[in-house]
Amino acid sequence: MTGARLSARTALGPTPQRVGIAHLGLGAFHRAHQAVFTEDAMLATGDLRWGICGVTQRSGKIAALLDPQDCRYTVLERGPDAALPRVVSTLCGVLDGSADPSAVVALLAREDIRIITLTVTEKGYRHDPATGDLNLADPEIAADLTDRPPRTVVGQLSRGLQRRAEGGAGPVTVVSCDNLPANGRTLRRLVEQFIDAAGAPQLAAWVAERVRFPSTMVDRIVPATTAEDLVEVRERTGLRDEAAVVAEPFRQWVIEDDFATDRPRWELAGAVLVDDVEPWETLKLRVLNASHSMLAYLGLGAGYGTIAEAVADPLLADACRKLITSEVVPALKAPSGVNVTEYGESVLVRFANPALRHTTAQVAQDGSQKLGPRLLDTASQLLATGAEPRWAALGVAAWMGHVGSARSLDDPLESVLRAALGGSPADEASRLLDIDQIFAPELARHPVFRTAVITTYRRLLEHGVRGVLAEDLRA
């Protein structure tokens with residue numbers, strides 16, 4: 001690809017005067033979401049103290065792409081009302097955490113770092129989705145509890161906070177931006193459990209007094225960048241950008257207003273500061289994220305390569321509508337003034353954006369970590385009222401179909417899932433339901449839920465996705 005490389009010399013933009021934020025998990029979502037909100041907040045106020053130092057967690061690929069560009073990159077919006085390609089200049093540096101985990105701890109302990117944000121995906125927390133507890137049996141967590149430089153997110157956070165406490169650094173706010181229920185409280189609990197396992201009661205007291213963990217809800221569709229996307233950026237900007245990200249125009253950030261220090265004026269960039277994020281995060285998890293997973297697993301079973309193709313099939317779209325209207329709505333306490341059915345329709349419209357090319361395979365990743373907050377919580381609440389969660393059970397059965405058919409299964413529990421496969425459909429589904437890292441025993445053993453999942457799984461294998469949906473939507 002020819003052309004001048006994007007850099008601070010070729011693309012002018014606001015340059016932060018100092019670093020104030022450390023971010024763990026420097027993937028495309030953060031660069032299209034929190035980094036953009038932060039830059040807009042700095043532009044709105046002229047307060048340029050909030051540059052971001054990003055940390056890559058699993059490889060140095062992103063660091064290698066951003067370094068030659070002075071950490072600049074382009075956000076390319078696709079869809080109705082898309083803005084022109086935009087160069088974002090919020091990043092002031094990138095650390096390869098996989099190569100130098102000690103440097104990550106040093107970064108988190110710096111006095112000028114007042115906010116630590118995270119987008120490490122559900123599996124990055126290394127917790128048990130069914131209980132919410134830190135998985136102390138995880139070999140990497142166990143290793144981080146020794147004297148080695150920590151490599152897990154919870155280990156790095158805990159050791160970074162420990163060094164802050166020992167060095168007399170000021171208070172700090174840790175902001176999870178991942179799709180976990182009560183993500184702030186969940187992260188606090190995991191850090192507390194790590195510190196307890198490390199036998200550091202003084203650090204626990206310091207964290208309780210000096211650290212805040214606000215919960216958040218984030219929303220923006222950010223598919224993986226393709227070679228074709230990079231060509232489009234070059235054609236539209238005249239600059240070669242190998243770290244560009246693609247996103248829909250829509251973006252949303254709801255943040256619990258609980259900070260240990262000052263912060264960027266994110267509300268001036270469109271963020272919403274609230275006392276309680278839970279209604280917002282539950283709405284997104286059980287409507288948007290649940291529908292996304294449903295479309296991914298049903299779509300893969302029906303042969304669709306993208307979410308836009310899947311939602312264009314009326315059978316798959318109507319299955320999502322049934323999940324929302326007949327199961328999510330009765331079990332959900334929505335934010336004040338929000339019509340859940342209308343919100344669900346707006347979500348399906350966003351999914352239908354063909355320009356995003358969000359693949360079903362990408363959305364299907366890490367299903368063992370996602371099923372709980374997206375589908376299983378709805379199922380549990382319905383069962384408690386005596387109702388049958390037919391459509392949530394369909395989503396679980398479709399996930400099982402993916403587990404059984406995928407040649408490459410991108411999931412932290414891959415070996416456990418593979419070991420459960422084989423035999424009759426009923427035996428296979430039963431063994432998957434008995435994986436307690438995914439399914440709480442009281443849910444897995446509930447006769448209504450268990451029967452619904454096993455029966456639907458068998459029907460999917462016998463009649464295919466479209467055959468099952470055609471029959472169930474007529475019922």
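Hydrogens, waters and symmetry mates are skipped; everything else that's a heavy atom, side chains included, is used. When a residue number appears, it is its place in the shown sequence, counting from 1.
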Open item on the list: If the condition is side-chain contact (heavy atoms from CB on, under 4.5 Å), which residues does A312 pass it with, not counting sequence neighbours?
Closed with: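 Per chain and number, A312 pairs via side-chain contact (heavy atoms from CB on, under 4.5 Å) with no residue.
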Return the minimal non-hydrogen interatomic distance between [X] and [Y], and the atom names on each side.
X    : Y    : value
V311 : A317 : O-CB, 3.5 Å
V105 : P150 : CG2-CG, 3.5 Å
A260 : T173 : N-OG1, 2.8 Å
L473 : A319 : CD2-N, 4.3 Å
F449 : A379 : CE1-CB, 3.9 Å
T378 : E327 : CG2-O, 3.8 Å

Looking only at side-chain N and O atoms, does [Y] offer a donor or acceptor that is under 3.5 Å from a partner on [X]?
X    : Y    : value
S293 : R374 : yes
D377 : S380 : no
D427 : S430 : no
D133 : Q193 : yes

State, yes or no, whether a side-chain contact exists between [X] and [Y] at a heavy-atom distance under 4.5 Å.
X    : Y    : answer
L283 : M217 : no
L461 : Y457 : yes
D472 : W391 : yes
L180 : P373 : no
L443 : L383 : yes
I62  : Y73  : no

TODO: Please test H30 against T119 for side-chain hydrogen bond (donor to acceptor under 3.5 Å, both in side chains), starting from the C-alpha separation and ending with a verdict.
DONE: CA-CA 7 Å; H30 169 73; T119 50; 4.8 Å; no
Task: Ring geometry between H127 and Y125 (parallel below 30°, tilted from 30 to 60°, perpendicular above 60°) - done: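 Perpendicular, since the angle between the ring planes exceeds 60°.
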Task: Given E281, K370, K284, the one that forms side chain to side chain donor-acceptor pair (under 3.5 Å) with N179 - done: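 Only match with N179 under side chain to side chain donor-acceptor pair (under 3.5 Å): K284.
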Task: From NE2 (H402) to CG (L460), nearest 0.5 Å - done: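 Result: 14.0 Å between the selected atoms.
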Open item on the list: As a test of understanding, state which of L118, T216, D258 forms a side-chain contact (heavy atoms from CB on, under 4.5 Å) with V175.
Closed with: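 So the option named by the test is T216.
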Taking only Lys NZ, Arg NE, NH1 and NH2, and the carboxylate oxygens of Asp or Glu, determine whether [X] and [Y] approach each other closer than 4.0 Å.
X    : Y    : value
D434 : R450 : yes
R78  : E248 : no
D318 : K322 : no
R159 : D147 : no

Task: Test side-chain hydrogen bond (donor to acceptor under 3.5 Å, both in side chains) applied to D96 and S98, step by step - done: CA-CA 5 Å; D96 178 1; S98 63; 2.5 Å; yes
TODO: Could you list the residues that satisfy ring pair (Phe, Tyr, Trp, His ring centres under 6.0 Å) with W266, not counting sequence neighbours?
DONE: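 Checked W266 against ring pair (Phe, Tyr, Trp, His ring centres under 6.0 Å); matches are W253.
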Open item on the list: When you measure from the centre of the six-membered ring of F250, is the NZ or CZ of R220 closer than 6.0 Å and no more than 45° off the axis?
Closed with: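 No.
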- [ ] Report yes or no: is the cationic atom of R251 (NZ for Lys, CZ for Arg) closer than 6.0 Å to the six-membered ring centre of F37, at no more than 45° off its axis?
- [x]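 Flagged: R251 positioned over aromatic ring of F37.
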